[in-house]
Amino acid sequence: MHIEQIEENVRHLLLNSNQQSFIYDLLLAYGKPKTSVSRLQSTGPGSYNLSKVPGQVLWKKTVLYIPTAESDLHAKLEEALSSQAVSRNQPRFIIVTDFNDLAAIDTCTRERLNVPFVELPNNFAFFLPWDGREKDLPIKENQADARAAEKMAKLFDILKVDNPANDPESNHALNVFLSRVLFCFFAEDTGIFDKDLFTLKVKGHTLEDGSDLPSYLTTLFRVLNTEDRSKVPSYLVEFPYVNGGLFSDEHPVPKFSKHARSILIECGAELNWSEINPDIFGSMIQAVVDVDKRGSMGMHYTSFENIMKVIKPLFLDDLNAEFERNKNNSKRLHELVLRISKIKIFDPACGSGNFLIIAYKELRKLEMEIFKRLDEINKQSDLGMSGVRLSQFYGIELDDFAHEVALLSLWLAEHQMNLVFHERFGRSEPTLPLKPSGNIVCDNAASADWRAVCDNTMPDPVFVLGNPPYLGARNQTREQKEDLRQAFNDHEDHKDSDYISVWLLKASRYISGHNSSFGFVSTNSICQGEQVSYIWPRVWNEGLELHFAYQSFKWSNNAKRNAGVTCVIVGVRNISNAPKTLYSDNIKTTVANISPYLTEGSNICVERTSTIISDLPVMMIGSMARDGKQLIMLEETKDEILAKYPQAQPLFKRLTGTNEFISGVFRWCLWIEDSQLELARSIPPIAKRIDAVYEFRMASSAKTTNQYAKIPHKFAQRLFKNQHSIVVPATSSERREYIPVGYLEPGVVITNSANAIYDASPFVFGIVSSKMHIAWVRSIGGQLETRLRYAPEIVYNTFPMPKVKEETKKAIAKAAMAVLAEREQFPDKSIEFLYDPDTMPVSLKCAHDRLDREVDKVFRAKAFETDQERLEFLFKLYERITEAEVA
DNA sequence: TATCCGACAGGTC
DNA sequence: GACCTGTCGGATA
């Protein structure tokens, strides 16, 4: 909608609306869809209005509207702003009005509006975000980078077509060529060369058909590598001596077509390379070279924000604190400058070098602050140039092109910092000739000797950092499995560990006993569920400890498509008395110890086990179909078959996984005994499905699945028993206070997306449903991103519980039955509704509270106040029980 | 046989 | 396109 139109709408509404419909008319004026607004206006089920207060309107993410008779609109607004409803539903605007005045706040930008009601049309722009318009949209930091990367991708594609060779040497030559050209573009836009020198020369000196471009560029690159200027041909004399290794070896320059030449010139002429961030651009350009990675361009480069989360606690905060402490001590500041010049930074999975580049820039920035301070306190300062050298930066990268780009980007970063330095202090070292770049090695970090790349046996500190590759155990290549096997010294734990474990274990051995520490961005999987006991005891064995950590946060960067993973940051050092810091949602807490689950607590790891450490009955995972979507179907599909073939009735069973149980919409499955196979085969649509299962299982890459092709009429894993069952969701939303557990009639098949206890008492239902148990699941269980994951061998078999007296069991069973009875009070509501924290009925909540109190009594007489209390108790108990077992 | 996980996957607003 | 929440089957014991 046009802005003028919106303004007109708002003026119109003021004349024609009444108080009852004002908010709806206002939303319509900004182009909100009629259907949505009428759902907002409606009452009862399906309404968008989440407010429980009559007259008020709360539309998730959009608005909280409060009409009031009170005169103090401002107070009302503040009250609303801090309410739970607002923090939970995050309405973009809060509007309070008595129809004389109107007060509003934009909860995103914190802008406020306070105007007489009739003045609304003159302030209509305030609510434009409803229409998707932001007032001052910050320019996305990577726009220039993305444009440049796309242009380079185009050039790269054409060169590939014109130069089809695909051997490692030609690929390397092309990689080197691209990095040299990138340098030239950058150089001509940032003052290393004269303005536009490279582009103008190429345009003016070479033939339009591109035929002489290779020989021209070969000569030019040679000139850039020639110190003795007397040997330079006169037409290239404006180009300076560059060196630094970038142009030192001769590699063949690819052939150019007319089209390729024109794109090369466009790259130089149309893009402003001075706007490029070497840190991010490197990752973008790296993706260009790997055509398979184009779709996920830049997906795995670490954002500036996340890099800072590693760098600050790893070393920068300390340096800053040292600076602050000694602001008036010239001697100490000089020492600090010296100290900075001796630090080594090592990224053993450096990609195109963005961690190293940002670390470099941050150290230069701090150094400049110190210089500035020294200039202030010493009238005559004798400071020279920067002491920070690119040679303090080390990296290992498997990909040849990425490693070339890393070297190049470090030079670009150095030049950028030199420009800043010059601006501030009026002096700087010349960028040319280039000094040695970082020590970036092209190798597999998983097998390379890190100490040979970066020696950390000297007294100077080495900080290891980075974002190594993550890959779950089921998705690893044979080579990656081999890397893991070696990192785990042949121990079988390697088989279920994420690929990043290689870096964690190698880094642990590397820093152990030396003046080193490490900080990695990692998948959060290493701090949950089964993997905890594989990795962390090995880290502690090296005499190490976690000294800072960020709890789970969603991966994000500015790439078009983001990787789907939730991350943590772990900082590990040799054991020390210095403080430890835990970060969550940017809240920083100093703690006594950081547990491997990244909570405040001791270093206990809960180990996966197939034996139950309490007296509870067996819980098993549900039945797994591996059917290629043939044996499981919706109710309507089953009914269609039955309408035509009523004799198929005994072949079907009701089926539930987690989703079915929680939403209340069960599916059906073909559950065919061998004795029924003939009947099944006689029904064409069923026979067809059985054949399709056969095909699917034969086509699978997994040998075990192939084997099940022999029984295509059956589920691959059949744990079903025709008994009452307790169903426990295997993956469920962390937003719920409880994991909803169900009690099912016999005859329902539970799938492998849920777990089952057959023929169990209400007492067991009570235990599994309790706060005590869920606190355990939350803290030590695995997670899918941040969903709760319930795996029997991790959270059920390990749940520590004292022997329970019969009398207590009865009380728990009674309270458990009361929870079930309370659910029965809402027969038309799904579990989803009943357990949504926004809609959970108070009576059900009370029934759970009573159950929780009964379960608490199993552990101690005094009721637990918080989950933290519960966990401390459980961990102590777990330790006692498992130690007793060992003894 | 039985299992825990996923630089996710798939539906909804 | 952001938000919400759990499928499905591999790899390995």
Side-chain angles (χ1 to χ4, degrees), chain A residues 33 35-36 39 46 48 59-62 89-90 132 293 296 298-302 467-476 478 481 492-500 521-526 528-531 534 554-557 559-567 608-610 618-629 631-632 657-663 667 696-697 699-708 715-719 729-736 739 751-756 781-795 797 832 836:
Chain A
T35 47
S36 304
R39 274 186 82 170
Y48 283 171
W59 189 3
K60 205 175 170 74
K61 302 270 176 204
T62 310
N89 298 296
Q90 300 178 340
K293 286 190 203 146
S296 55
M299 207 161 139
H300 293 164
Y301 85 82
T302 315
N467 174 34
Y470 330 146
L471 203 61
R474 308 291 175 274
N475 302 318
Q476 292 157 3
R478 191 177 305 175
K481 286 255 182 246
E492 62 178 23
D493 282 358
H494 82 270
K495 291 179 179 169
D496 272 319
S497 295
D498 193 283
Y499 193 42
I500 197 176
V521 181
S522 167
T523 164
N524 64 353
S525 302
I526 59 159
Q528 302 154 19
E530 66 171 344
Q531 293 201 49
Y534 306 153
K554 204 159 175 50
W555 173 268
S556 89
N557 63 20
K560 276 184 193 155
R561 204 165 74 81
N562 263 204
V565 65
T566 296
C567 296
R608 175 181 178 176
T609 174
S610 56
V618 172
M619 180 187 292
M620 55 196 23
I621 208 162
S623 301
M624 192 192 294
R626 299 201 201 190
D627 61 340
K629 308 199 168 153
L631 299 176
I632 298 174
T658 293
N659 193 15
E660 291 84 358
F661 166 63
I662 288 181
S663 69
R667 286 189 289 172
F696 170 79
R697 289 183 182 164
S700 164
S701 65
K703 282 207 179 93
T704 45
T705 304
N706 299 152
Q707 302 209 324
Y708 293 114
F715 276 37
Q717 268 74 44
R718 302 170 300 281
L719 290 310
T731 317
S732 62
S733 171
E734 69 276 21
R735 221 166 53 84
R736 299 186 188 112
I739 297 179
T751 75
N752 67 328
S753 74
N755 305 293
Q783 289 169 28
L784 176 60
E785 302 254 287
T786 45
R787 277 354 52 73
L788 300 182
R789 181 160 251 166
Y790 197 107
E793 293 198 348
I794 309 275
V795 299
N797 293 359
E832 186 178 15
D836 186 316

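From a predicted model like this one, the values you see are computed outputs, not experimental measurements. Residue numbers begin at 1 in each chain, while the letters A, B, ... track the order of the sequences.
- Among the protein residues, R667(A) comes within range of the sugar-phosphate backbone only, with heavy atoms under 4.0 Å from sugar or phosphate atoms but none that close to a base.
- Spacing of C1' atoms, dT12(C) relative to dA7(B), comes out at 23 Å, to the nearest Å.
- Stretches of at least 3 consecutive Watson-Crick or G-U wobble pairs, with each checked distance under 3.5 Å, appear in DNA chain B as B:1-6 with C:8-13, B:8-13 with C:1-6.
- D836(A) comes within 4.0 angstrom of nothing in the nucleic acid, heavy atoms only.
- Between R735(A) and dT5(C) there is a side-chain N or O to OP1 or OP2 distance below 4.0 Å.
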Please write out each protein N/O paired with an N/O of nucleotides 1-5 of chain B under 3.5 Å, distance rounded to 0.1 Å.
from: dT1(B); atom 1: OP1; to: R718(A); atom 2: NH2; distance (Å): 2.5
from: dA2(B); atom 1: N7; to: Q717(A); atom 2: NE2; distance (Å): 3.0
from: dT3(B); atom 1: OP2; to: I621(A); atom 2: N; distance (Å): 3.3
from: dT3(B); atom 1: O3'; to: R608(A); atom 2: NH2; distance (Å): 3.1
from: dT3(B); atom 1: O4; to: R626(A); atom 2: NH2; distance (Å): 2.9
from: dC4(B); atom 1: OP1; to: E793(A); atom 2: N; distance (Å): 3.4
from: dC4(B); atom 1: OP1; to: E793(A); atom 2: OE1; distance (Å): 3.2
from: dC4(B); atom 1: O2; to: R474(A); atom 2: NH2; distance (Å): 3.3
from: dC5(B); atom 1: OP1; to: E530(A); atom 2: N; distance (Å): 3.0

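- As judged by a 4.0 angstrom heavy-atom cut-off over every strand, T751(A) is placed among residues making no nucleic acid contact.
- Closest to the side chain of S733(A), from the set dA7(B), dT5(C), dG9(C), is dT5(C).
- Within the 4.0 angstrom heavy-atom criterion, only backbone atoms of the sugar-phosphate kind lie near T705(A); the bases stay farther away.
- As judged by a 4.0 angstrom heavy-atom cut-off over every strand, K703(A) is placed among residues making no nucleic acid contact.
- When heavy atoms are screened at a 4.0 angstrom cut-off, P468(A) is found touching base atoms of the nucleic acid.
- Within 4.0 Å of R736(A), counting heavy atoms only, lie sugar-phosphate atoms of the nucleic acid but no base atom.
- In terms of polar N and O atoms assigned as donor or acceptor, the side chain of N467(A) comes within less than 3.5 Å of the base of dA7(B) in a complementary pairing.
- Among the nucleotides dT7(C), dC8(B), dA7(B), the one closest to any side-chain atom of H300(A) is dA7(B).
- In the model, T302(A) has a side-chain atom that pairs as donor or acceptor with a side-chain atom of N467(A) under 3.5 Å.
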Protein-nucleic acid N or O pairs under 3.5 Å, nucleotides 10-13 of chain B:
none

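- Contact annotation for D498(A): no contact, since no heavy-atom pair falls under 4.0 Å across all strands.
- No engagement by K554(A) is indicated, since no non-hydrogen atom pair under 4.0 Å with the nucleic acid exists.
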